[in-house]
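Notes to accompany the following structure.
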Amino acid sequence: MAANPQPKSSAVPTVKLLIDGQFVESKAREWRDVVNPATQEVLARVPMCGADEVDQAVQSAAAAFKTWRNVPIAARARVMLKLQELIRRDMKKLAAALTREQGKTLPDAEGDVFRGLEVVEHACSIGTLTLGEIAENVAGGVDTYFIRQPIGVCVGITPFNFPAMIPLWMFPMAIVCGNTFVLKPSEQDPMTPMLLAELAIEAGVPAGVLNVVHGGKESVDALCVHPEVKAVSFVGSCHVGDHVYKLSSHHGKRAQCMMGAKNHAVIMPDANKEQSLNALVGAGFGAAGQRCMATSVAVMVGEANQWIPDIVAKAKTLKLNAGTEKGADLGPLISKQAKERIEGLIEQGVKEGARLELDGRHPKVPGYENGNFMAPTIFSGVKPHHKVYTTEIFGPVLVIVSVDTLDEAIELINANPYGNGTGIFTQSGAAARKFQNEVDVGQVGINVPIPVPVPYFSFTGSRGSKLGDLGPYGKQVVQFYTQVKTVTARWFDDATTSPGIHTTISLK
Ligand code: NAD
């Protein structure tokens with residue numbers, strides 16, 4: 001992605017900012033190309049905003065908060081009801097735009113939108129999600145209760161790999177809780193988030209309640225330190241998440257950072273072979289391995305090790321093509337840089353002595369010779385010190401580690417710095433229960449390859465995959481986006497008021 005100044009009369013459309021309810025042209029000096037990863041066609045130019053435009057967006061959100069916080073819960077929920085209807089209406093359009101700029105297949109793109117839509121549907125239940133609690137008579141004639149109140153301007157910083165789902169993890173729940181929001185989508189695929197922002201405005205989100213700025217480090221840092229910002233949600237890589245968490249916490253914000261992954265699937269020898277290997281191959285290579293919950297390590301236990309040739313055979317049947325082409329199982333990688341980085345890691349894996357069972361580098365995709373394609377790649381005989389094991393590759397590369405026992409598999413997973421997702425494939429309830437109990441990973445699947453929780457639960461993560469104690473969506477995000485206030489109240493009844501009654505009230 002080239003960074004250069006915005007030409008005065010470019011034929012390529014520009015990605016707008018959303019500030020104060022208006023879609024406006026940025027005045028940024030630096031712009032980047034948004035590129036179709038299957039063709040290299042420049043789809044649009046996105047501004048790299050600086051602190052001045054971030055400030056405009058935040059000031060708009062701060063002003064809107066004064067009124068939005070008092071809009072009745074049901075009125076806020078009705079905006080979300082409308083938004084879910086509009087997302088359904090535009091599902092095909094959103095998926096097509098997403099495939100063009102991100103590369104994933106059209107069915108995957110619809111899945112991306114759909115998983116976000118489910119969060120919007122859940123946001124419609126905000127009435128019951130934000131209920132407080134009351135204890136009557138904590139002392140004679142005294143009640144204590146708590147209420148949940150919105151906190152103010154919240155910020156969302158999102159990655160390239162789910163340009164619909166992850167913005168929808170964030171702004172609907174923040175807004176429906178009564179907050180106002182500034183979204184900073186990935187500069188690699190900002191067009192789908194802008195379509196969602198347009199739908200939000202059409203659904204009735206008032207001016208200033210949702211704002212969108214673009215860019216990279218400069219805009220993110222300006223958001224994390226802005227005095228009006230109260231909370232920062234981040235999803236992306238570990239090194240950026242670590243930086244965002246430290247910067248925003250240091251400036252007194254609430255912060256939650258969902259970060260990188262190395263997800264292990266444990267294949268026990270008693271697993272249903274056909275089902276497990278199909279699940280493994282789908283979870284390893286689907287979306288070109290660019291899912292934070294992709295299975296990137298297969299841990300073959302005991303005799304399951306004999307199934308490696310079957311995994312390779314299944315991976316070979318997957319069809320690599322542009323996401324728009326019918327029957328494609330996986331599309332291109334997001335950028336040329338990502339492809340080169342992954343090719344370098346594969347080269348290093350070979351040098352370090354891992355066995356390259358299937359080499360997906362330099363595939364031929366007729367009609368899309370310029371695309372960032374990489375076919376499924378498999379290493380076996382991988383050791384924990386190999387770079388292909390220690391690094392989040394974020395591409396269609398599955399590494400296979402062989403162990404003798406379930407205990408060894410659990411030990412391996414718990415020693416890995418990441419703790420995002422994992423799974424076990426077995427027909428033994430005892431093995432599954434032991435795994436669920438002992439593995440230190442946020443999302444666990446039992447015969448389920450990509451165990452992303454539905455929106456009534458919250459997404460989570462352990463160890464290096466997450467910073468902050470509350471996760472996105474579900475009940476936890478309601479806690480994240482609200483401030484609890486406790487009230488202790490006593491009311492004097494004129495008819496019964498006498499010095500004798502009230503001087504006896506004590507909170508002890
Ligand atoms: P990224 O960290 O490069 O970018 C994420 C966001 O941070 C983008 O909006 C980007 O503009 C911004 N950014 C980039 N560099 C920055 C810097 N130096 N300072 C401040 N902000 C910066 O991540 P990505 O490549 O877009 O996404 C892939 C990563 O996201 C993978 O590591 C993946 O595992 C992770 N991810 C995690 C989850 C989860 O829920 N745990 C979900 C999706 C993706």
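Hydrogens, waters and symmetry mates are skipped; everything else that's a heavy atom, side chains included, is used. Both counts, for ligands and for their atoms, begin at 1 and track the order of listing.
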Do [X] and [Y] come close enough that some side-chain heavy atom pair is under 4.5 Å?
X	Y	value
Q59	H226	yes
S60	V182	no
M293	P451	yes
K184	V155	no
L18	I201	yes

Among all protein heavy atoms, pick the one closest to [atom] and tell me residue, atom and distance.
atom	answer
atom 27 (O) of ligand 1	P159 CB, 3.2 Å
atom 36 (N) of ligand 1	C292 CB, 3.5 Å
atom 44 (C) of ligand 1	N161 OD1, 3.3 Å
atom 40 (O) of ligand 1	F459 CE2, 3.1 Å
atom 17 (C) of ligand 1	K217 CB, 3.7 Å
atom 28 (C) of ligand 1	F394 CE2, 3.6 Å
atom 35 (C) of ligand 1	G236 O, 3.2 Å
atom 7 (O) of ligand 1	F234 CE1, 3.5 Å

Contact with ligand 1 for [X], non-hydrogen, under 4.0 angstrom:
X	result
G215	yes
S186	yes
F162	no
W169	yes
I166	yes

**Full working for salt bridge (Lys or Arg N to Asp or Glu O under 4.0 Å) between R361 and E347** = CA-CA 10 Å; R361 289 173 293 179; E347 193 54 44; 3.0 Å; yes
Between [X] and ligand 1, does any nitrogen or oxygen pair lie at a separation below 3.5 Å?
X	value
D221	no
F160	yes
S237	yes
K184	yes
T158	yes
E187	yes
M259	yes

**Item:** Heavy-atom nearest neighbour of atom 15 (N) of ligand 1 within options D189, V220, V240
**Value:**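 The nearest heavy atom belongs to V240.
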**Message:** Yes or no, since that's all I need: does a protein heavy atom fall within a distance strictly under 4.0 Å of atom 4 (O) of ligand 1?
**Reply:**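 Under the 4.0 Å cut-off, atom 4 (O) of ligand 1 has no protein heavy-atom neighbours at all.
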**Item:** Residue E392 vicinity, atoms of ligand 1 by number, heavy atom under 4.0 Å
**Value:**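 Matching atoms, with element in brackets: 31 (C), 32 (O), 33 (C), 34 (O).
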**For I157, atoms of ligand 1 separated by under 4.0 Å from a heavy atom** =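 In order of numbering, the contacting atoms are 6 (C), 7 (O), 9 (O).
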**Request:** Check salt bridge (charged side-chain N to carboxylate O under 4.0 Å, His left out) between E110 and all other residues, then give those that pass, not counting sequence neighbours.
**Result:**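 Scan of E110 (salt bridge (charged side-chain N to carboxylate O under 4.0 Å, His left out), adjacent residues dropped) gives K92.
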**Message:** Atom NE2 of residue position H251 - does it have more than 12 heavy atoms of other residues, nucleotides or ligands inside 6.0 Å?
**Reply:**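 Buried by this count: over 12 neighbours within 6.0 Å.
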**Item:** Main-chain N/O of S233 paired to Q256 side chain as donor or acceptor, under 3.5 Å
**Value:**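 Side chain of Q256 to backbone of S233, a donor-acceptor pair under 3.5 Å: no, none is there.
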**Asked** If only atom types and distance count, is the side chain of T422 paired as donor or acceptor with the main-chain N or O of V444 below 3.5 Å?
**Response**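 The answer is no, because no donor-acceptor pair under 3.5 Å joins these two groups.
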**Request:** Report the relative orientation of the aromatic rings in F459 and W169; use parallel for angles under 30°, tilted for 30 to 60°, perpendicular for over 60°.
**Result:**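 Judged by the thresholds at 30° and 60°, the geometry between F459 and W169 is tilted.
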**Request:** Could you check whether the rings of Y481 and F181 sit parallel, tilted or perpendicular, using 30° and 60° as the cut-offs?
**Result:**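 Ring orientation of Y481 relative to F181: perpendicular.
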**Asked** Can E343 and K339 be counted as an ion pair, charged N to O under 4.0 angstrom?
**Response**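 Counted as a salt bridge, because a side-chain N and a carboxylate O are separated by less than 4.0 Å.
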Show every donor-acceptor pair shorter than 3.5 Å between a side-chain atom in residues 94-104 and any protein atom, with sequence neighbours excluded, or say none if there are none.
from : atom 1 : to   : atom 2 : distance (Å)
T99  : OG1    : A95  : O      : 3.2
T99  : OG1    : K104 : O      : 3.0
E101 : OE1    : M191 : N      : 2.9
E101 : OE2    : M191 : N      : 3.2
E101 : OE2    : T192 : N      : 2.6
E101 : OE2    : T192 : OG1    : 2.6
Q102 : OE1    : K104 : N      : 3.0
K104 : NZ     : D112 : OD2    : 2.8
K104 : NZ     : N161 : O      : 2.8

